[in-house]
Amino acid sequence: MNRFRLLLVIPLFFFAIVGVLILFTDPFAPLRWFLGPQYKSDAKAFLNAVSGGDYEKASKSLSRNGRDAETSDAIKSQWISAMHELKKQGFYPVEYSNLKVPHDREHMDGRADITFMEDGKRQSYYTILTFDPGGVHQACILSPETKHTEAWNKINCHY
């Protein structure tokens with residue numbers, strides 16, 4: 001009977017030690033294990049839809065929550081209208097590559113290279129994606145600053 005207890009206690013002790021080490025070295029690891037796949041799925045859905053010009057579908061992957069459903073719907077409708085206006089101005093995404101979610105251990109954000117049509121020419125921009133539990137919260141283009149990237153960031157970033 002003592003041997004059985006010892007065989008039971010050794011694996012439990014091992015798992016307890018591993019759990020404590022994970023907690024002390026990287027306390028957010030369990031949260032990343034849970035949220036990382038969801039955020040990657042949200043990023044793919046958003047980027048696929050926005051690259052295809054389906055802004056209504058992309059808005060479903062956005063996390064622009066108002067205080068109630070009507071406010072949230074109004075915010076998403078404004079976003080859709082702004083994206084259509086940006087497309088009329090000659091700046092719209094056509095594809096993405098190098099999606100990495102999460103980008104690093106400390107932040108639950110993502111990175112992607114998004115290729116845009118900009119005045120009839122293809123141009124890629126390095127983009128940072130941030131998330132909320134409801135989906136993609138921001139998609140911010142880093143430099144260079146142009147009138148089009150500033151307009152994109154005004155729609156998709158909330159500093």
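Side chains included, hydrogens not; waters and symmetry mates left out as well; all remaining heavy atoms used. We count residues from 1, following the sequence as given.
Contact check for Asn98 versus Lys100: no side-chain heavy atoms found under the 4.5 Å cut-off. Using a 4.5 Å heavy-atom threshold, the side chains of Val50 and Ile114 count as separate. Residues Tyr39 and Pro133 meet the side-chain proximity criterion, which asks for heavy atoms closer than 4.5 Å. Using a 4.5 Å cut-off on side-chain heavy atoms (C-beta onward), Leu129 and Leu99 make contact. Between Lys147 and Trp152 there is no side-chain heavy-atom pair separated by less than 4.5 Å. Looking at heavy atoms from C-beta onward, Ile155 lies out of side-chain contact with Glu85 at the 4.5 angstrom threshold.
Between Cys157 and the options His137, Gln138, Glu150, a side chain to side chain contact (heavy atoms under 4.5 Å, CB included) holds for only Gln138. For the ring pair (Phe, Tyr, Trp, His ring centres under 6.0 Å) criterion with Phe116, the lone passing option out of Tyr126, Tyr125, Tyr92 is Tyr125.
With hydrophobic clusters built from ILVMFWY side chains whose heavy atoms lie under 4.5 angstrom apart, Tyr96 does not share a cluster with Ile128. Cluster annotation: Val94 and Ile80 are assigned to the same hydrophobic cluster (Ile/Leu/Val/Met/Phe/Trp/Tyr, side-chain heavy-atom contacts under 4.5 Å, transitive).
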Test Asp109 against Arg111 for salt bridge (charged side-chain N to carboxylate O under 4.0 Å, His left out), laying out the working first. CA-CA 7 Å; Asp109 60 357; Arg111 303 288 194 267; 2.7 Å; yes
Check the pair Thr146, Glu118 against side-chain contact (heavy atoms from CB on, under 4.5 Å), reporting the backbone distance first and the verdict last. CA-CA 10 Å; Thr146 67; Glu118 185 170 14; 3.5 Å; yes
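Ring geometry, His148 versus Phe91: the interplanar angle falls under 30°, so the pair is classed parallel (tilted spans 30 to 60°).
A donor-acceptor pair under 3.5 Å is formed between the side chain of Asn153 and the backbone N or O of Ile141. Distance alone, capped at 3.5 Å, places no donor-acceptor pair between the Ser41 side chain and the Pro37 backbone.
Taking CH2 of Trp79 as the start and NE2 of His84 as the end, the distance is 8.5 Å to the nearest 0.5 Å. Atoms CG and NZ, on Asp54 and Lys60 in that order, are 8.0 Å from each other to the nearest 0.5 Å. To the nearest 0.5 angstrom, Asp132 atom CG is 10.5 Å from Leu62 atom CG. From Ser124, atom OG reaches atom CD of Glu95 across 7.0 Å, with rounding to the nearest 0.5 Å. Rounding to the nearest 0.5 Å places OG of Ser59 at 9.0 Å from CG of Asp73.
Looking at every heavy atom in both residues, Tyr55 comes nearest to Pro93 through OH-CD, 4.3 Å. Minimum heavy-atom separation, Gly53 to Lys87: CA-NZ, 4.3 Å. When all heavy atoms of Gly134 and Ser63 are compared, the pair lying nearest together is C-CB, 3.8 Å. When all heavy atoms are compared, the tightest approach of Gly110 to Phe131 is N-CE1, 3.7 Å.
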